[in-house]
Peer 1: 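Could you have a look at this structure, given as structure tokens, before my questions?
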Amino acid sequence: MRNKIIAYLKEQREKDESFSQSKLENKLGIKKTYLSQYLNNPDFRYAAGVEEKFAIFLKENKEKEEVKAQIKGLNNLEFIHTSDVKRIFSRLVLASMQGDRISVILGESGTGKTRIIQEYCKSHLEAICVEATPDMNAKDILKKLCAELNLGEFRSNHSGILKVAAELKKCGKYVIVDEAEHLKWRVLETLRRIMDFSKQPLILVGTHWLADSLSNGRLGSKREQELAQLRNRCLGRYELKGLQKEEYIEICKVSGIPSNCAWKLWELGCGNFRKSEGVIRLTLTRVSLSGNESATLEDLESTKAMMYL
């Protein structure tokens, strides 16, 4: 068993250099240093317990892999160039050429904003995408941008702004912020100043809460004057419309679902990308585990009864 553990650690480190004995101890649910003592001391008192835990761990992993191999619906839905994708791609290209101006991409939750931005950035290396979080402050976003630009540390927020702006201007890069509805006033102002100094565009992507933030609906009336600085620099506002009914035929094709299920899938997904993907994943999982070759209308109906739609 000792050789199996050593081989497992080696295999994991080839995949992830940061994988350590401590991480494996956490997975096995054993005390820290137990694994090290087991590997280095043939007479370790609790060797039998470590071996038992690792044997159970290997068995569970094998069972999971067997199930994954059997299930067709565990991967993300293949990226499809829907009408929303084509339109937003063209808007992003246009926004990238506008200099020191802000462009806003809006869409309801689950309409595929993040996926579109990720795919766009793959083919546009001048775009730097950062994802906002609810508690993010100005220093947090400066750290993210410095990390993306390999700029290292900064002494103050002011010096961070100047540092990031200079690098963006030098490299001709611009910033896209996903989940931007989470950004507070001071973070938005930090991004605005980076844009002003770099003369590079800023693209904000989020739900309609983002539009409320920019129009002072959620930030309070005291910020009205300051928010005018942001609104005056907003050049364009573009909205995702969601999946169109006819696009569900292509979705069925790439996901291996018969095309006669397209309208039922549209009914269940309601044009929402994430909800549609959830329906497909659950349906294909159930069909695969039951041993059937492909989904039917009845399978989609059964999925409907199981989902929180």
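Atoms considered below: every heavy atom in the structure, side chains included; atoms not considered: hydrogens, waters and symmetry mates.
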Peer 1: Does Gly271 offer a backbone N or O that forms a donor-acceptor pair with the side chain of Tyr248 under 3.5 Å?
Peer 2: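 Checking the backbone N and O of Gly271 against the side chain of Tyr248, a donor-acceptor pair under 3.5 Å is found.
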Peer 1: Tell me the salt bridge (charged side-chain N to carboxylate O under 4.0 Å, His left out) pairs involving residues 256-270, sequence neighbours left out?
Peer 2: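 Non-adjacent pairs meeting salt bridge (charged side-chain N to carboxylate O under 4.0 Å, His left out): Lys264-Glu267, Lys264-Glu301, Glu267-Lys304.
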Peer 1: In chain order, what residues pass the side-chain hydrogen bond (donor to acceptor under 3.5 Å, both in side chains) check against Ser83, with sequence neighbours excluded?
Peer 2: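 So Ser83 forms a side-chain hydrogen bond (donor to acceptor under 3.5 Å, both in side chains) with Glu247.
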Peer 1: So, Thr114 versus Asp178: side-chain donor-acceptor pair below 3.5 Å or not?
Peer 2: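 Short answer, yes.
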Peer 1: Would you say Glu239 and His208 are linked by a side-chain donor-acceptor pair, where the criterion is simply a distance under 3.5 Å?
Peer 2: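 A pair is found: one side chain offers a donor N or O, the other an acceptor, under 3.5 Å apart.
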Peer 1: Would you be so kind as to tabulate the donor-acceptor pairs closer than 3.5 Å made by side chains of residues 135-145, with sequence neighbours excluded?
Peer 2:
{"residue": "Asn137", "atom": "OD1", "partner": "Lys139", "partner atom": "N", "Å": "3.1"}
{"residue": "Asn137", "atom": "OD1", "partner": "Asp140", "partner atom": "N", "Å": "2.8"}
{"residue": "Asp140", "atom": "OD2", "partner": "Asn137", "partner atom": "N", "Å": "3.0"}

Peer 1: Please enumerate all residues that pass side-chain hydrogen bond (donor to acceptor under 3.5 Å, both in side chains) together with Glu298, with sequence neighbours excluded.
Peer 2: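 In terms of side-chain hydrogen bond (donor to acceptor under 3.5 Å, both in side chains), with neighbours along the sequence ignored, Glu298 is linked to Thr296.
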Peer 1: Please collect all side chain to side chain donor-acceptor pair (under 3.5 Å) contacts where either partner lies in residues 85-103, sequence neighbours excluded, each pair once.
Peer 2: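 Pairs touching residues 85-103 that pass the test: Asp84-Arg87.
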Peer 1: Would you find a donor on one side and an acceptor on the other, under 3.5 Å apart, between the side chain of Lys169 and the backbone of Val164?
Peer 2: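 No, the answer is negative, given that no donor and acceptor are paired below the 3.5 Å cut-off.
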Peer 1: Around atom CD of Glu153, are there more than 12 heavy atoms of other residues, nucleotides or ligands at under 6.0 Å?
Peer 2: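 Incorrect, the count does not exceed 12.
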Peer 1: Is the closest side-chain donor-acceptor distance between Lys23 and Ser18 under 3.5 Å?
Peer 2: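 Present: a donor and an acceptor within the cut-off.
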Peer 1: Applying side chain to side chain donor-acceptor pair (under 3.5 Å) as the test, list every pair that has at least one member in residues 40-49; sequence neighbours left out.
Peer 2: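 The answer is Ser36-Asn40.
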